[in-house]
Every structure is written in C-alpha cells, then in structure tokens.
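One structure is given below, encoded as structure tokens.
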Protein chains: 2
Amino acid sequence: MSSAVSLRHPPPGRNAPESHRTLGWLLRLPYAVLAERVYGGLAARGFPDIRPAHGSLFRHIRPEGSRLTELAEQAQMTKQSMAYLVQSLSEGGYVETVPDPEDGRARLVRLTPRGRQVLETLLALSAEAEAALAARLGARKMARLRGLLEELAERLEAER
Amino acid sequence: MSSAVSLRHPPPGRNAPESHRTLGWLLRLPYAVLAERVYGGLAARGFPDIRPAHGSLFRHIRPEGSRLTELAEQAQMTKQSMAYLVQSLSEGGYVETVPDPEDGRARLVRLTPRGRQVLETLLALSAEAEAALAARLGARKMARLRGLLEELAERLEAER
DNA sequence: TATTTTAGTCAGTCCATATGACGAAAAGGG
DNA sequence: CCCTTTTCGTCATATGGACTGACTAAAATA
C-alpha cells in the first residue's frame with residue numbers, strides 16, 4: 001500500500017543538486033509525503049479505492065450536493081473528467097447522483113454516509129500528516145510555513 | 001498544453017471551505033501555478049514536447065550521463081517508467097544513450113546539447129516563476145517561505 | 001415560437017505510471 | 001573455471017486520469 005499514491009506530476013526523488021532545488025521541487029516533496037500518508041491511511045482504514053484524484057471532488061462538494069459542471073469548474077477540469085471521478089466514487093458507494101429538481105438536465109452529486117465518512121477521515125489524516133511534518137520542522141516554523149502558504153493561496157485565488 | 005491553471009472566473013459555488021484547506025492543498029496550488037508557467041514557457045521557447053514528467057530526468061541526470069536504473073531510483077519510479085521518459089526524450093533529440101563501457105548490460109543516458117539547453121531554460125524559467133510569485137507575496141515573505149521549505153526538504157530527505 | 005446556451009453523455013485518444021516475464025551480462029563462491 | 005545469483009534493461013500489457021470532439025435534451029432567451 002506504500003506506493004498506492006500516484007501523482008499526476010512526477011514524484012520528487014532524492015539528491016537533486018543544489019542548483020536544481022527549484023521552488024516547484026520544494027513544494028512537491030512535502031506534498032508527496034503528505035499524499036502518501038493520507039491516501040495510504042485511507043486505504044488502511046478501509047477506503048482503498050479513494051485516490052488522490054478524488055480529493056478534488058471531496059474538497060469542493062457541498063453538503064446539499066453539487067452539480068457535475070460546478071464540481072468540474074471548481075476542480076478546474078473538464079466535466080468529462082469529473083464525470084469519470086464521480087462514476088468511480090458512485091460505484092464505490094461514496095456518492096450518489098439524484099435529479100436536480102430545479103433543472104431537468106442536471107443531476108446533483110451528493111455524498112453518501114460512507115462518503116461523508118471518507119471526508120472526515122481525509123481531513124483527520126491530513127491534520128495528522130501535517131502534525132507529523134511539524135514534528136520535524138518544529139511547531140512554530142510549521143505555523144509560519146502554513147501562514148505563508150495561506151497568504152500565497154489567497155493571492156493566487158484572487159487572480160483567477 | 002493542459003490549462004491546469006485556467007484564467008476563468010470563479011464558479012457559482014464558493015471555494016474550498018476553510019476546513020478543507022489542508023496543507024496538501026496549500027502546497028499544490030502554487031505548484032500548479034509554477035508548473036504552468038515553466039512548462040508553458042518551455043513550449044513557447046521551442047520545446048513543446050518537454051512535459052512535467054520529464055523534469056524528474058532533468059533534475060537528476062549527471063553531466064557524464066546516468067544509467068537508466070540510477071535515474072529511475074532517484075526519481076523513485078520503475079525503470080520501465082523511466083525508460084518510457086528516456087525514449088520520448090531520445091526521439092526529441094534531448095538525450096542520447098550510449099553503451100556503458102564499464103558494464104555490457106548497461107547504457108548511459110546523456111543530455112545532448114539541445115538537452116542541456118532545455119535544462120538551462122528550465123532553471124531560468126523556474127527562477128522567473130518564483131520571482132513572479134514573490135511579486136504577489138513580497139520578496140521578504142517569499143524568502144522566508146523558501147527557507148522553511150528548504151529546511152523541511154532537508155529533514156525529509158534525511159529520512160528517506 | 002425559434003434560436004442559442006447549458007448540462008451531461010458517448011466515444012476515442014494520450015500520457016504517465018504500474019506489473020510480470022524475460023534474455024543477457026556481471027559478480028561471486030566453490 | 002564453472003554454476004548460481006544478482007543486476008540491467010526490454011517487451012508486453014494494464015490502469016488511472018486527464019484531454020477533445022460530437023452529440024442529446026432541457027432551459028433560457030430573443
């Protein structure tokens with residue numbers, strides 16, 4: 001289960017020369033560690049079919065349900081790609097789709113109880129993994145790091 | 001070229017709730033922005049066939065050349081996967097493989113002049129992209145962010 | 001009412017990973 | 001020197017996760 005985590009972008013390896021320590025690499029390395037822990041942890045807790053790609057649904061879906069198109073836009077992917085994710089989650093019993101009463105073309109994607117369980121577990125594991133990193137870096141520095149990343153994220157989101 | 005980071009307007013639904021701003025998400029967002037700039041820039045400068053996956057080769061290859069197995073290990077992927085990357089780069093004239101004089105089974109993968117040009121451009125674009133982010137966050141904060149990420153990377157590398 | 005836009009599906013493609021099985025060369029122990 | 005084991009790389013194949021293009025049906029609009 002160790003390497004059950006496949007990323008869209010290549011996982012960082014070791015020994016990158018100093019000159020090659022781009023910011024991108026510096027961001028990706030801890031991300032890979034987190035993803036490994038979180039999705040490995042999910043597998044260990046009985047959700048082996050939840051993969052990193054599904055995160056983009058869990059991150060955005062609203063409690064009342066979200067439309068496919070809405071989810072796709074928020075995750076910044078095509079609706080076809082999101083439909084693929086929804087289908088696999090649907091087959092696993094994590095989401096269900098119901099007709100949207102407000103629009104005959106649309107369907108609402110909603111978390112099932114099992115799906116909500118995944119979401120909770122996902123958040124808990126993320127917090128755990130973050131704490132594990134904080135143990136290496138020190139709580140104070142981790143707090144600073146998070147704060148800076150949040151600030152950067154806000155700026156970047158504001159531009160979209 | 002994937003528009004991983006599109007310029008479209010925010011969708012009707014709100015962004016990820018506060019509670020979903022995991023560290024992983026905070027790391028991935030700026031990474032996506034960097035990757036977009038860097039690989040988009042490479043395409044614009046005449047290297048349209050260099051994709052993010054190839055980064056894991058460029059980051060680790062030694063000037064004298066590296067063996068496939070070595071590259072695979074450093075990039076933490078299978079040798080088959082690395083062979084796939086090497087082949088595509090080889091077809092584009094970015095690397096060449098020569099027999100390893102020390103080992104009849106092995107072949108050395110080496111950058112061609114064109115490959116070295118890509119490496120240089122890659123590093124230059126990364127620096128540019130980092131500077132662009134620094135423009136949003138402020139140079140001082142970006143320096144702190146980088147410093148913290150470097151420290152974290154060191155700790156994480158030491159464990160592997 | 002007629003036209004255009006929007007929500008979602010179907011079909012096909014490509015890329016980047018993974019496994020497993022394999023031949024050939026090297027290394028090492030008798 | 002052989003014999004066995006390990007290592008280097010390849011072939012074949014599968015899968016996940018993204019894409020584009022063409023389409024239907026429903027809604028919104030002119």
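Computed from a prediction, not measured in an experiment: that's the story for all the values here. Below, chain A is the first sequence line, B the second, and so on; all start at residue 1.
Contact check, Thr78(B) against dA18(C): a side-chain N or O comes under 4.0 Å of OP1 or OP2. Between Ser81(A) and the phosphate of dC19(D), there is a side-chain N or O to OP1/OP2 separation shorter than 4.0 Å.
Between the CZ atom in Arg107(B) and the OG1 atom in Thr69(B) there is a gap of 13.0 Å [rounded to 0.5 Å]. The structure places CG of Leu42(B) at 7.0 Å from OH of Tyr39(B), a figure rounded to the nearest 0.5 Å. Of the inter-residue distances, the one linking Met142(A) atom CE with Leu149(A) atom CG reads 9.0 Å to the nearest 0.5 angstrom.
Spacing between atom CE of Met82(A) and atom C1' of dA18(D) amounts to 12 Å, rounded to whole angstrom units. In this structure, the OH atom of Tyr39(A) is 16 Å from the P atom of dG16(D), given to the nearest Å. Rounded to an integer number of Å, the gap from Lys79(B) NZ to dT7(D) P is 10 Å. Rounded to an integer number of Å, the gap from CD of Glu73(B) to P of dA18(C) is 14 Å. Taking atom CZ of residue Arg107(A) and atom P of nucleotide dA25(D), one finds them 15 Å apart after rounding to whole Å. Between the C1' atom of dA18(D) and the NE2 atom of His54(A) lies a distance of 13 Å, rounded to the nearest Å. Across the protein-nucleic acid pair, Gln87(B) atom CD and dC11(D) atom C1' stand 11 Å apart, rounded to whole Å. When the C1' atom of dA16(C) is taken as reference, atom CG of Asp49(B) falls 16 Å away, rounded to whole Å.
For residues 89-102 of chain B, proximity to DNA chain C is found at no residue, defined as any non-hydrogen atom under 4.0 angstrom from a strand atom.
Side chain of Ser90(A) to main chain of Glu96(A): no donor-acceptor pair is present (N/O by atom type, distance under 3.5 Å, no hydrogens or angles). Thr97(A) contributes no side-chain N or O that, together with a main-chain N or O of Leu108(A), makes up a donor-acceptor pair within less than 3.5 Å.
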Distances under 3.5 Å only, N/O to N/O: pair up the protein atoms with those of nucleotides 1-6 of chain C.
from   : atom 1 : to        : atom 2 : distance (Å)
dT6(C) : O2     : Arg105(A) : NH1    : 2.4

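The salt bridge (charged side-chain N to carboxylate O under 4.0 Å, His left out) test applied to Asp49(A) returns no partner, not counting sequence neighbours. Residues satisfying the salt bridge (charged side-chain N to carboxylate O under 4.0 Å, His left out) test with Arg116(B), not counting sequence neighbours, are none. Take Ser66(B) and apply the side chain to side chain donor-acceptor pair (under 3.5 Å) test, not counting sequence neighbours, and it matches no residue.
More than 12 non-hydrogen atoms from other residues, nucleotides or ligands lie less than 6.0 angstrom from CZ of Arg136(A). Within 6.0 Å of the CZ atom in Arg146(B), the count of heavy atoms belonging to other residues, nucleotides or ligands exceeds 12.
Nearest-nucleotide mapping onto DNA chain D: of Gly104(A) and Leu108(B), the residue sitting toward the 5' end is Leu108(B).
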Going 5' to 3' along nucleotides 10-15 of chain C, which nucleotides have protein heavy atoms under 4.0 Å from the base (write B), which only from the sugar-phosphate (write S), and which from neither (write -)?
B----S
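When side chains are defined from C-beta on, Leu125(A) counts as touching Arg45(A), because their heavy atoms get closer than 4.5 Å.
Listed candidates were dA7(C), dA18(D), dG9(D). Nearest to the side chain of Leu68(B) is dG9(D).
Partner of Glu130(B) under the side chain to side chain contact (heavy atoms under 4.5 Å, CB included) criterion, out of Thr22(A), Leu23(A), Leu26(A): Leu23(A) alone.
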